[in-house]
S.K.: 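Could you have a look at this structure, given as C-alpha cells, before my questions?
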There are 2 protein chains.
Amino acid sequence: MAIFSKTCEYAMRAVFYVAQRSHEGYKVGIKEIAGHINSPEPFLAKILQQLSRDGVILSTKGPNGGFYFDAASLNRPLADVVTAIDGDDIFTGCGLGLTYCSESNPCPLHEEFKKVRNQITHMLHTTTIGKFNLGLIKGKFTLNK
Amino acid sequence: MAIFSKTCEYAMRAVFYVAQRSHEGYKVGIKEIAGHINSPEPFLAKILQQLSRDGVILSTKGPNGGFYFDAASLNRPLADVVTAIDGDDIFTGCGLGLTYCSESNPCPLHEEFKKVRNQITHMLHTTTIGKFNLGLIKGKFTLNK
DNA sequence: ATGATAAAAGACAAAAATATCTTTTATTGT
DNA sequence: ACAATAAAAGATATTTTTGTCTTTTATCAT
Ligand code: FES
Ligand code: FES
C-alpha cells in the first residue's frame, strides 16, 4: 500500500514530465512520456485520456500533436490530478476506513490522522503542476527508475 | 485510494476493539469483533490469523477462547499492525512510486513527501495498541459505521 | 482531397485485493 | 473419553486495479 494508487503515481509523474516539456515549448506523445517516466505505454494512454476528459491536461491529435499544458494549467495544483484519478478520499476520508470522518463521532486515530491529512492536502494544493519545471530541466529530479 | 489497505483498516479497528476488551478482562471471538467493527466476518478471521502468526495478537482455541492482548502487547505500537499487513512501504516508499526513495536522486515531491511520511511514522509509533482503551470504554470513540 | 500521424474510445486480459466456504486442529468443561 | 467450542488452515469466488490490443476520430502537411 502506498498513499496514492499506481494509476495516480503514473499520472503525477506524467504531468510533471509534460509540464517540463511544455515549459520548453514542446508537445509530447504517449511514447515519449511513457519512456521518460517508466510506465506501461497503453496503460498510461488510458490515464492521460482520463485527465484530458477531466480538463486537467490538454491534447491535440494528429502530426505534431500530443499532450501539453498552457500557462493557466501549469498553475493548477497537483491536487487536481489526484482528485481526477483517486477522488477525494485522501483529503476527507477516515484513517480507519469508517464511512465518513466526523468530529462529533471520531475514530481513535482522528486527531492525529487529521494532521496527516492536512499536511497531504497542503502539499498537494501548494504544489503546482509547473512548480518543478526548472529543477527538472536542470536534472535535479528524477521521474523514472 | 486511502492511506491504508482495507485489510489494514479492519486490522487496526479489530486490534483497538480487542485491546479494549482485553483491558476489561475478556477474550473475544471473531463474531463479536466483526460485529463491533462492522467487517465481513470470514475476511476478518483471515486477517487476525495473519496477525496471530506474526505474533502481534494472541489467541487461544476452544471454549472461552478468542483473541486478546497481554500487558506487553498492549504497549506495542500500532506500526507493528500496519507493518504486518501492509509492509513498510508507507514508512519508506516514494510518493510518486519510484522503486525507492532517495536523497541523492529524489523525485520532485521528495522534500514535502518526506514530511508526510515522517508524520505518519510518528503517529503509528507513538500510538500504542492499548492507547485508546479508556476512551473506548467511555464511548468517546467509534470503530464501526 | 489524400495520406500520415497521434490521441480517443472500446473491448478484452491478467494480477492483486477483497471476501467466502469447508475442513482440520486445539482447548475446555463435563 | 467425549461433546462442544473456537481458531487455523486450505480451497475457492468475486471485485477492483492494473495492463493490453484494436478500431475510430481528429489534425496536419502535402
Ligand atoms: S473519524 Fe477517523 S479520521 Fe476522522
Ligand atoms: S524520492 Fe520520491 S519521495 Fe523520496
Side-chain angles (χ1 to χ4, degrees), chain A residues 1-15 17-18 21-22 26-35 37-69 82 84-87 89-90 97, chain B residues 1-15 17-18 21-22 26-35 37-69 82 84-87 89-90 97:
Chain A
M1 252 294 159
I3 299 263
F4 308 106
S5 67
K6 208 110 236 329
T7 309
C8 191
E9 290 171 350
Y10 289 146
M12 291 189 285
R13 304 223 296 271
V15 155
Y17 180 73
V18 174
R21 297 292 284 156
S22 288
Y26 300 105
K27 289 174 184 158
V28 222
I30 282 285
K31 201 165 211 159
E32 181 184 336
I33 304 171
I37 72 166
N38 189 32
S39 73
E41 191 184 313
F43 186 42
L44 181 63
K46 283 293 169 201
I47 297 169
L48 292 184
Q49 245 175 63
Q50 187 178 341
L51 290 181
S52 178
R53 268 195 305 271
D54 283 13
V56 174
I57 202 171
L58 301 169
S59 72
T60 61
K61 298 177 176 181
N64 305 319
F67 295 92
Y68 65 101
F69 290 104
V82 174
I85 303 294
D86 281 352
D89 226 62
I90 198 107
Chain B
M1 251 297 158
I3 300 263
F4 308 106
S5 67
K6 207 110 237 326
T7 309
C8 192
E9 290 171 350
Y10 288 146
M12 291 188 286
R13 303 223 298 270
V15 155
Y17 180 73
V18 174
R21 298 291 286 156
S22 288
Y26 300 105
K27 288 173 185 160
V28 220
I30 282 285
K31 201 164 211 159
E32 179 182 338
I33 304 170
I37 71 165
N38 189 30
S39 74
E41 190 184 313
F43 186 44
L44 182 63
K46 283 294 168 199
I47 298 169
L48 293 184
Q49 244 175 64
Q50 187 179 340
L51 290 180
S52 177
R53 269 195 304 272
D54 283 14
V56 174
I57 203 171
L58 300 169
S59 71
T60 61
K61 298 178 178 180
N64 305 320
F67 296 92
Y68 64 100
F69 291 104
V82 173
I85 302 294
D86 281 352
D89 226 62
I90 198 104

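First the proteins, then the strands, lettered A, B, ... as listed; each starts at 1. Values in this document were obtained by computation on a predicted structure and should not be read as measured data.
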S.K.: Using 0.5 Å steps for rounding, measure from the NZ atom of A:K6 to the CD1 atom of A:I85.
M.R.: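 It is 13.5 Å, given to the nearest 0.5 Å.
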S.K.: Can you work out whether B:F67 or A:S5 has the more 5'-proximal nearest nucleotide on DNA chain D?
M.R.: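 In this pair, the answer is B:F67.
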S.K.: Could you state the interatomic distance from CD1 (A:I47) to CD1 (A:I57), rounded to the nearest 0.5 Å?
M.R.: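 CD1 of A:I57 is found 11.0 Å from CD1 of A:I47.
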S.K.: For D:dG19, does OP1 or OP2 lie under 4.0 Å from any side-chain N or O of A:Y10?
M.R.: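 A:Y10 to D:dG19 OP1/OP2: side-chain N or O found under 4.0 Å.
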S.K.: Compare all side-chain heavy atoms of A:L58 with those of A:F69 and state whether any distance is below 4.5 angstrom.
M.R.: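 Of all side-chain heavy-atom pairs linking A:F69 with A:L58, none is under 4.5 Å.
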S.K.: Counting side-chain heavy atoms from CB outward, which of C:dA9, D:dA8, D:dT27 is closest to A:P63?
M.R.: D:dT27
S.K.: What's the CG-P distance between A:L58 and D:dT27, to the nearest Å?
M.R.: 13 Å
S.K.: What nucleic acid atoms does A:L48 come within less than 4.0 Å of, heavy atoms only: base, sugar-phosphate, or nothing?
M.R.: nothing
S.K.: It should be established whether B:N64 places a side-chain nitrogen or oxygen under 4.0 Å from OP1 or OP2 of nucleotide D:dA6.
M.R.: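 Looking at the OP1 and OP2 atoms of D:dA6, neither is under 4.0 Å from any side-chain N or O of B:N64.
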S.K.: Are any non-hydrogen side-chain atoms of B:R21 and B:E32 less than 4.5 angstrom apart?
M.R.: yes
S.K.: B:S59 has a side chain; which of D:dG19, D:dA8, C:dA8 sits nearest to it?
M.R.: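 Between D:dG19, D:dA8, C:dA8, the one nearest the side chain of B:S59 would be D:dA8.
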S.K.: Report yes if at least one side-chain N or O of B:T60 is closer than 4.0 Å to OP1 or OP2 of C:dA26; otherwise report no.
M.R.: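 False: B:T60 side-chain N/O out of range (4.0 Å or more) of C:dA26 OP1/OP2.
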S.K.: Nearest 0.5 Å, what's the CZ-CD1 distance between B:F4 and A:I3?
M.R.: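 So the gap between those two atoms works out to 8.0 Å.
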S.K.: Please give, in whole Å, the distance from D:dA6 P to B:L44 CG?
M.R.: 16 Å
S.K.: In whole Å, what is the span from the CD1 atom of A:I47 to the P atom of D:dG19?
M.R.: 8 Å
S.K.: Rounded to the nearest Å, what distance is computed from the NZ atom of residue A:K6 to the P atom of nucleotide D:dG19?
M.R.: 7 Å
S.K.: Send over the distance from A:Q50 CD to C:dA7 P, rounded to a whole Å.
M.R.: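 Roughly 17 Å, once rounded to whole Å.
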S.K.: Nearest whole angstrom, please: distance from the P of D:dA6 to the CD of B:Q49.
M.R.: 16 Å
S.K.: With nearest nucleotides of DNA chain D determined for B:G65 and A:F43 from heavy-atom distances, which residue corresponds to the more 5′ nucleotide?
M.R.: B:G65
S.K.: Remember a base hit wins even if backbone is also touched, and classify A:P42 as base, sugar-phosphate or nothing at under 4.0 Å, heavy atoms.
M.R.: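 Here A:P42 touches the bases of the nucleic acid.
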S.K.: Check whether any side-chain N or O of B:S52 sits under 4.0 Å from OP1 or OP2 of D:dA7, and answer yes or no.
M.R.: no
S.K.: What is the distance from CG of A:D86 to C1' of D:dT16, rounded to the nearest Å?
M.R.: 13 Å
S.K.: Please confirm whether the shortest side-chain N or O distance from A:R53 to OP1 or OP2 of C:dA7 is below 4.0 Å.
M.R.: no
S.K.: Report the distance from atom OH of B:Y17 to atom OG of B:S22, rounding to the nearest 0.5 Å.
M.R.: 10.5 Å
S.K.: Reckon A:K46 touches a base, only the sugar-phosphate, or nothing at all at heavy-atom distances under 4.0 Å?
M.R.: base
S.K.: Would you say a side-chain N or O of B:T7 is under 4.0 Å from OP1 or OP2 of C:dT18?
M.R.: yes
S.K.: Would you mind reading off the distance between A:K61 atom NZ and C:dA4 atom C1', rounded to a whole angstrom?
M.R.: 15 Å
